[in-house]
Amino acid sequence: MSQSLSEQEIQRRESLQALRQMGIDPYPAARYEASHFSTDILSGFEADAEATEWESVKISGRIMTKRIMGKASFIDVMDSKGRIQVYLNRDVLCPGEEKELYNSVFKKHLDIGDFIGITGKVFRTKMGEVTLEADSLTVLSKSLKPLPIVKKDEEGNVYDAFTDPEQRYRMRYVDLVVNDKVKDTFITRTRIINAMREFFNRYDYLEVETPILQPIPGGAAARPFITHHNALNIPLYLRIANELYLKRLIVGGFEGVYEFAKDFRNEGMDRTHNPEFTVMEIYVAYKDYFWMMDFTEQMLQHVVKTIKGGDSKVSLGGVELNFEAPFARVSMRQAILDHTGFDIDGKSEAELRAACADMGIETEPSMGKGKLIDEIFGEKCEPNYIQPTFITDYPVEMSPLCKKHRDNPEYTERFELMINGKEVANAYSELNDPIDQRERFEAQLQLSEKGDDEAMFIDQDFLRALEYGMPPTSGMGIGIDRLTMMLTDNASIQEVLFFPQMKPEKTVKKVELNDNEKLLFERLKAEGRMPLNDLKEQLGLSNKQWDKSLKGLNKLGLSKVEKTDEGLFIELL
RNA sequence: GACUCAGUAGCUCAGUUGGUAGAGCAUCUCCCUUUUAAGGAGAGGGUCCAGGGUUCGAGCCCCUGCUGAGUCACCA
């Protein structure tokens with residue numbers, strides 16, 4: 001790929017050459033093992049400045065700022081844990097007559113973004129900052145592109161921050177380097193997952209892996225991605241959920257199974273939806289959804305206390321969320337009654353539709369009872385549940401994989417966990433009656449025929465598994481991305497995914513053609529594919545000019561010469 | 001998908017009624033041995049997102065497109 005370099009990029013390439021000419025490898029192979037992380041030095045030296053440990057310290061990292069004052073300089077070096085200031089005094093770094101390492105290598109040819117290793121001793125500057133005085137400097141890796149320079153003043157105000165979301169998401173590596181908070185978010189994400197896994201393992205539940213490529217995409221209502229397996233010559237779908245496979249494992253006799261899974265849904269993208277996202281699903285035998293509510297709130301309390309150092313409160317967009325168990329529990333019927341005064345109990349589809357109309361909620365003919373109730377709830381109730389709240393007992397039509405409620409067959413034994421007005425977790429007393437399950441799937445088929453393109457497929461093998469018998473089981477799924485958003489105070493899913501899905505980057509072909517190349521290009525554009533010799537004759541260029549221009553175009557990937565039985569042909573690409 | 005806003009130097013952003021393209025940081029040169037948004041003096045750096053149009057003249061006005069953000073709709 002040919003592209004023009006900015007002045008700064010050219011400058012850095014020149015420095016690269018200069019280093020090589022001085023016999024310094026800008027990309028050395030040898031390992032460079034630091035004795036301390038920056039943070040170890042800062043905290044350790046504070047505690048024990050007299051210790052001899054600080055006489056000989058070795059660190060490595062990226063140069064983040066350079067403050068040169070003639071024969072002495074300060075730089076900030078950033079390692080994986082944080083930053084530390086390094087003091088480079090010319091005569092300390094270069095005690096002999098030879099001062100090139102300071103004057104030339106450091107001052108002229110090292111830039112912000114380069115990786116270096118430093119050894120030296122720790123001291124405190126006049127200004128009181130713990131600093132490493134360098135007695136050696138090793139070039140570890142040269143950076144050829146300038147990093148955005150983010151500056152902070154004494155009050156912590158940030159200047160010239162690297163903020164453009166598109167740039168940040170496309171070049172997450174840069175985002176991570178210059179925006180400290182970004183790294184923290186992803187570290188917290190991993191700690192959330194680790195805390196959850198630790199909690200499940202305490203119960204001896206088994207972490208498992210189930211297929212991502214599935215012949216029938218089941219377990220949720222969503223449009224799947226489709227792909228094709230060549231050897232089998234069949235379509236395969238990327239999973240939209242792992243529920244049906246995990247339940248097969250409960251049939252197979254495990255006490256409890258869970259999976260952190262990437263799911264894929266071929267739907268719109270916005271600040272709460274990415275085409276691939278992470279879900280944790282867990283299934284436990286001989287339990288019901290009441291048990292699962294207790295389990296879920298204990299688990300979340302554990303997760304929050306783990307990442308917050310014992311605190312169960314989290315701040316989200318200025319609102320304080322409290323994850324201290326137990327959470328509030330409200331049935332869906334009660335929730336709707338509370339917020340609209342309308343009682344959904346025993347109402348027909350027509351009555352519900354009329355109620356929607358009264359409340360100013362738009363409906364469509366394809367909506368069944370379940371969907372209508374869901375609309376009312378989503379419109380009038382959902383946003384009100386800011387603190388963690390279990391909404392229970394969903395209408396049977398909405399929950400084809402869930403047991404009917406033991407007290408009222410109109411409802412199911414299901415709960416969703418609402419936090420900050422959004423659904424975070426979803427759980428059932430799992431339907432294990434194979435005949436009921438088959439009927440529910442068939443009802444979904446009818447919805448699908450009515451125009452609901454998300455209605456579920458019938459998974460015959462799953463039904464067969466149920467026919468062999470599944471113990472009473474409760475299952476729960478939780479959206480890891482959304483949970484992470486809430487626990488890290490981020491409003492967008494893109495902030496909690498390292499590499500969110502983006503539209504393809506537009507690559508502008510930037511080329512300079514000389515006159516002959518332009519001539520050739522224009523002619524080809526007009527004629528399309530043509531025999532090589534015809535083109536040559538038409539242009540009337542000398543052999544040398546012709547050859548050079550043609551090779552120029554080919555090199556830029558603009559044209560292609562093809563040899564066939566009929567002779568040589570040329571065409572534009 | 002609809003609407004609103006935005007796209008100018010490596011980064012963050014100004015840009016007057018339509019009249020030669022600006023600042024800070026970064027870069028380069030010089031000075032500076034405990035600075036810290038280091039400082040001082042000087043210099044270079046631009047496809048003003050792309051393509052059309054209006055105009056004597058467009059970063060600015062109009063149209064189309066691309067990209068992003070926000071709101072809504074759809075969607076777990």
| query | Across all strands, who's sitting opposite rU33(B) as a Watson-Crick or G-U wobble pair, both distances under 3.5 Å? | reply | none
| Protein-nucleotide distance (Glu267(A), atom CD; rG1(B), atom P), rounded to Å | 16 Å
| message | Of the options rU35(B), rC25(B), rC28(B), whose atoms approach the side-chain atoms of Asp111(A) most closely? | response | rC28(B)
| remark: By nearest-nucleotide position on RNA chain B, the 5'-leaning member of Glu375(A) and Gly128(A) is Gly128(A)
| Proximity to the side chain of Glu129(A) - top-ranked nucleotide from rU36(B), rU27(B), rA69(B) | rU36(B)
| message | Starting the side chain at C-beta, find the nucleotide from rC28(B), rU35(B), rA69(B) nearest to Gln85(A). | response | rU35(B)
| task | Could you give the distance separating rG24(B) and rA37(B) at their C1' atoms, to the nearest angstrom? | result | 11 Å
| remark: Separation of rU36(B) atom P from Ile112(A) atom CD1, nearest Å, is 16 Å
| message | Does rC11(B) have its OP1 or OP2 closer than 4.0 Å to a side-chain nitrogen or oxygen of Gln167(A)? | response | yes
| According to the Watson-Crick and G-U wobble definitions, with both distances under 3.5 Å, which nucleotide is paired to rU16(B)? | none
| query | How long is the line joining NZ of Lys66(A) and P of rU36(B), in whole Å? | reply | 18 Å
| request: Test Asn103(A) against Arg90(A) for side chain to side chain donor-acceptor pair (under 3.5 Å), laying out the working first. | output: CA-CA 8 Å; Asn103(A) 287 339; Arg90(A) 189 192 63 180; 4.8 Å; no
| field | Spacing of Met127(A) atom CE relative to rU33(B) atom P, expressed in whole Å | value | 18 Å
| field | Closest to side chain of Arg67(A), choosing from rC11(B), rA69(B), rU35(B) | value | rU35(B)
| Watson-Crick or G-U wobble mate for rC25(B), both contacts under 3.5 Å | rG10(B)
| said: Are the side chains of Met78(A) and Asp76(A) in contact, using a 4.5 Å heavy-atom criterion? | reply: no
| query | Rounded to whole angstroms, how far apart are CZ on Arg124(A) and C1' on rU36(B)? | reply | 15 Å
| rA38(B) phosphate, OP1 or OP2, under 4.0 Å from Lys151(A) side-chain N/O | yes
| Interatomic distance, Phe162(A) CZ vs rA69(B) P [rounded to whole Å] | 14 Å
| said: Does the plane of the ring in Phe390(A) sit parallel, tilted or perpendicular to the ring in Phe415(A)? Use 30° and 60° as the thresholds. | reply: perpendicular
| task | Look through every strand shown and name the nucleotide pairing with rG68(B) as Watson-Crick or G-U wobble, where both distances are under 3.5 Å. | result | rC5(B)
| message | Need to verify one output field. Residue with the more 5' nearest nucleotide on RNA chain B, Tyr169(A) or Glu379(A)? | response | Tyr169(A)
| task | Looking at every strand, decide which applies to Arg271(A) at a 4.0 Å heavy-atom threshold: base, sugar-phosphate, or nothing. | result | sugar-phosphate
| What's the closest nucleotide to the Arg170(A) side chain, out of rG68(B), rU34(B), rC28(B)? | rG68(B)
| If we take the C1' atom in both rA14(B) and rC25(B), what is their distance in whole Å? | 15 Å
| field | OP1 or OP2 of rA69(B) under 4.0 Å from side-chain N/O of Gln494(A) | value | yes
| request: In whole angstrom, give me the gap between the P atoms of rU27(B) and rA38(B). | output: 11 Å
| Span that lies between the C1' atom of rU54(B) and that of rU67(B), in whole angstrom | 26 Å
| Below 4.0 angstrom, N of the basic side chain to O of the carboxylate: do Lys121(A) and Glu55(A) qualify? | no
| message | Measuring only the C1' atom in each nucleotide, how far is rC28(B) from rU71(B)? A whole number of Å is fine. | response | 46 Å
| message | Against the six-membered ring of Tyr289(A), is Lys403(A) placed for a cation-pi contact (under 6.0 Å from the centre, within 45° of the normal)? | response | no
| query | Is there side-chain contact between Ser331(A) and Tyr411(A), with at least one heavy-atom pair below 4.5 Å? | reply | no
| request: Using a 4.0 Å heavy-atom cut-off across all strands, classify Ile68(A) as base, sugar-phosphate, or nothing. | output: base
| message | Check this for me, if you would: do Arg172(A) and Asp175(A) make a salt bridge, where the nitrogen-to-carboxylate-oxygen distance has to be below 4.0 angstrom? | response | yes
| task | Determine the interplanar angle of the Phe74(A) and Tyr87(A) rings, folded into 0 to 90°, and report it as parallel if under 30°, tilted if 30 to 60°, perpendicular if over 60°. | result | tilted
Sort me out a list of protein N/O and nucleotides 40-46 of chain B N/O pairs below 3.5 Å, or just none if empty.
unit_1  : atom_1 : unit_2  : atom_2 : d
rG44(B) : N2     : Glu7(A) : OE1    : 2.8

| Which whole number of Å gives the distance between the C1' atom of rC72(B) and that of rA9(B)? | 37 Å
| request: Please determine, by modelled atom types, if Ser136(A) and Thr119(A) share a side-chain donor-acceptor pair under 3.5 angstrom. | output: yes
| request: Measure from the side-chain heavy atoms of Pro146(A) and tell me the nearest of rG10(B), rU67(B), rA69(B). | output: rG10(B)
| Reckon Lys126(A) touches a base, only the sugar-phosphate, or nothing at all at heavy-atom distances under 4.0 Å? | base
| request: If rC61(B) has a Watson-Crick or G-U wobble mate with both distances under 3.5 Å, name it; if not, just say none. | output: rG53(B)
| note | Rounded to whole Å, CG of Asp76(A) lies from P of rA37(B) at a distance of 11 Å
| request: Taking atom C1' in both rU16(B) and rU12(B), compute the distance separating them and give it to the nearest angstrom. | output: 22 Å
| note | From CD1 of Ile149(A) across to C1' of rC13(B) the rounded distance in Å is 16 Å
| said: Whether the side chain of Glu423(A) engages the backbone of Glu416(A) through a donor-acceptor N/O pair (distance < 3.5 Å, no angle test) should be reported. | reply: no
| said: If I pick the P atom on rG10(B) and the same atom on rA26(B), what distance separates them, to the nearest angstrom? | reply: 16 Å
